[in-house]
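We use all heavy atoms of the structure for the numbers below, so side chains are in, but hydrogens, waters and symmetry mates are not. Worth saying up front: this structure is predicted, and the values here are computed from it rather than measured.
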Amino acid sequence: MEVAATRQAGSVSKKLVEKGDKHSKKRILAAIWRGCLQVKLINWLDALGATLSTHVDKPGAYIGCLKSGEVFSEPTHKWYDPGWWKFGPFPVNMPVIDDVSTGSWFIGLQVHFAAPHGPQHFVFQGLVLSVESFHPEGSGIFPHGRRINNWSGAELRGFHVVHNSNGGKWKLVRVCCDFAFHSREIRFFHKKPVQIFNYFTDQRAATAVEVTKDRNGVDQVVLRNWRGASARVSLHGGQVLSWRTDQGEELLFTSSKAIFKPPNPVRGGIPICFPQFGNCGSLEQHGFARKKIWAIDQNPPPFLQHNDSNDKVYTDLLLKPSEEDLKIWPHSFEFRLRVCLTVEGNLTMISRIRNINCKPFSFSIAFHTYFSISDISEVRVEGLETLDYLDNLFQRERFTEQGDALTFESEVDRVYLSSSDVIAVFDHEQKRTFTIRKEGLPDVVVWNPWEKKSKSMVDFGDEEYKQMLCVDGAAIEKQVTLKPGEEWTGRLELSVVHSG
Ligand SMILES: O=P(O)(O)OC[C@H]1O[C@@H](O)[C@H](O)[C@@H](O)[C@@H]1O
């Protein structure tokens with residue numbers, strides 16, 4: 001690409017071209033390089049689309065492409081590249097890629113979903129590693145020949161592409177590189193996130209809030225961030241049923257025997273226990289909120305403290321008591337729940353409960369989070385050391401936690417009291433750690449039914465206790481009391497870090 005063409009594309013200012021010093025030359029070359037990458041990527045999308053169409057049965061299939069074989073096989077093609085497509089699992093073991101020379105480029109893709117939108121609709125996220133060299137005599141894109149020896153440290157971030165189902169054209173939504181990668185010879189853009197270009201900038205396409213129906217006709221809201229992480233929230237119980245990383249990995253457990261038909265509570269995800277936790281009260285076990293059909297709140301009142309909508313995809317749900325509920329719990333309330341998915345893929349649940357009655361009421365609440373784990377005997381919970389807890393297996397008797405961290409070898413059913421606001425669940429086998437950050441939720445429930453109890457639950461597999469652990473942010477020991485007109489806010493943020 002010529003400087004003139006780059007100028008025309010608006011990437012380089014006239015002033016910069018005229019300046020002609022070393023610094024401005026470097027900037028011009030960088031702009032040309034970006035322009036080349038842009039054109040190359042756009043040209044590449046159709047080829048990519050065609051290739052992906054043959055892989056629809058493998059959502060989450062990965063494609064690695066680098067110049068070690070044929071990429072554009074047509075020698076007359078402008079971007080003819082005597083390289084080959086490489087298909088394989090991703091992340092590719094970087095050091096194994098030994099055929100990387102300056103001027104080559106590589107794309108890793110994570111295909112997130114195809115099925116809900118038909119075979120022609122993919123959303124994928126990719127990593128562009130393009131080897132940059134500002135060689136002044138560069139022909140084509142840049143001269144080949146140098147090798148990168150150190151690939152470590154590159155991060156999977158990058159760009160996001162959606163297929164425009166109307167026009168049948170591929171749209172490059174956003175290209176943004178934030179690799180922290182350096183080697184002596186090679187430089188990858190920037191240390192800080194740099195948006196290389198925004199071709200068809202359409203953030204609404206990149207992030208999505210979609211309402212679908214489940215098998216029982218109940219609405220579910222699917223949240224998807226631009227990196228491809230997702231969460232699914234059912235109006236049945238206002239219950240988060242799925243939380244997935246941008247790699248498509250499910251982080252919440254749901255039993256294979258779960259009963260989804262309302263008003264049964266669903267065994268898995270994050271049921272909300274409200275206005276009562278457990279069976280200590282006049283209401284049914286864990287209150288009625290988890291059995292009710294919530295509504296989508298079209299006009300939620302503004303938040304006074306946190307504005308949890310910046311850079312996030314979210315949905316607002318609302319529960320108001322029915323006539324029936326008022327007969328068993330005579331308190332008018334509005335329970336507003338905002339479920340957010342952050343750019344990083346964290347799941348945030350902000351609850352606001354308002355007393356709209358003329359007399360005070362008290363409630364307890366728990367976000368009964370079923371974490372998906374590899375094996376209960378490999379898991380450790382930190383953040384509960386030395387705390388007092390009420391043991392449901394001993395008629396809620398009070399004990400003090402003695403161990404350094406909580407590990408599991410039998411049934412556990414406890415309410416830890418007044419914990420710190422950060423709890424961590426380490427899954428050694430899976431090499432991932434969940435972090436629970438909470439506000440307004442002083443207590444933590446830890447529950448695993450173990451073998452015997454599992455067998456007595458109709459909606460739970462006999463062996464499934466090995467794959468789940470409930471760790472809930474909760475307010476149980478000291479009930480929350482609201483005077484007429486008062487509002488309580490609780491906030492829970494779940495994040496996950498992989499260590500392997
Ligand atoms: O079966 P449910 O009503 O969903 O409750 C599951 C468990 O939830 C826990 O939080 C309770 O402490 C346990 O006692 C209970 O067994």
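Here the closest heavy-atom approach between residue Ser364 and residue Ile476 is recorded as CB-CA, 4.0 Å. Heavy-atom minimum distance, Gln239 versus Val266: NE2-O, 3.0 Å. Summarising the geometry of Pro449 relative to Glu411, their closest heavy-atom pair is O-CG, 3.6 Å, with the distance given to 0.1 Å. Nearest heavy atom pair, residue Pro360 against residue Asn355, reads CA-ND2, 3.6 Å. When all heavy atoms of Ser418 and Leu387 are compared, the pair lying nearest together is O-CD2, 3.9 Å. Of all heavy-atom pairs between Ile272 and Gly238, the closest is CD1-O, 3.7 Å.
Put simply, CG on Leu347 and CG on Leu251 are 9.0 Å apart, with the number rounded to the nearest 0.5 Å. Ile365 contributes atom CD1, which lies 12.0 Å from atom CG of Asp443 (distance to the nearest 0.5 angstrom). Note that CZ of Arg354 is 9.5 Å distant from CD of Glu486, once rounded to the nearest 0.5 Å. Separation of atoms CG (Asp219) and OG (Ser234) is listed at 8.5 Å; rounding is to 0.5 Å. The CG atom of Asp297 sits 5.5 Å away from the CG atom of Asp316 when rounded to the nearest 0.5 Å.
Asp462 has no carboxylate O lying under 4.0 Å from a charged side-chain N of Lys455, or vice versa, which leaves the two without a salt bridge. Lys291 and Glu284 are joined by a salt bridge, as a carboxylate oxygen and a charged side-chain nitrogen come within less than 4.0 angstrom of each other. One finds no salt bridge joining Lys257 and Glu464 here, because no Lys/Arg side-chain nitrogen approaches an Asp/Glu carboxylate oxygen to under 4.0 Å.
Checked by atom type, the side-chain pair Ser242/Glu250 shows a donor-acceptor distance below 3.5 Å. Ser322 and Glu324 are not linked by any side-chain donor-acceptor pair at a separation below 3.5 angstrom, with hydrogens and angles left out of the test. Under the 3.5 Å distance criterion, with hydrogens and angles disregarded, no donor-acceptor pair is assigned to the side chains of Asp459 and Ser255.
Using bins of under 30°, 30° to 60° and over 60° for the plane-to-plane angle, the ring pair His331/Trp329 lands in the perpendicular bin. Taking the six-membered ring where tryptophan is involved, the planes of Phe434 and Trp243 are tilted, since the angle between them lies from 30° to 60°. A tilted orientation is assigned to the rings of His368 and Trp447, their planes being inclined by 30° to 60°.
When side chains are defined from C-beta on, Lys292 does not count as touching Lys320, because their heavy atoms never get closer than 4.5 Å.
His498 pairs with exactly one of Arg432, Glu249, Lys431 by the side chain to side chain donor-acceptor pair (under 3.5 Å) rule, that one being Glu249. Remark: of the listed residues Ile423, Leu406, Asp472, Val445, Leu406 is the sole one forming a side-chain contact (heavy atoms from CB on, under 4.5 Å) with Tyr416.
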- [ ] Begin with the C-alpha distance, continue with both residues' side-chain angles, and end with the deciding distance and a verdict on side chain to side chain contact (heavy atoms under 4.5 Å, CB included) for Val412 and Tyr389.
- [x] CA-CA 11 Å; Val412 175; Tyr389 63 87; over 6 Å; no
- [ ] Take Phe363 and Phe335, measure what side chain to side chain contact (heavy atoms under 4.5 Å, CB included) needs, and give me the verdict at the end.
- [x] CA-CA 12 Å; Phe363 64 87; Phe335 188 146; over 6 Å; no
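Qualifying salt bridge (charged side-chain N to carboxylate O under 4.0 Å, His left out) partners for Glu378, counting only residues two or more places apart in sequence or in other chains: none. With sequence neighbours left out, Phe460 forms a ring-ring contact (aromatic ring centres under 6.0 Å, His included) with Phe253.
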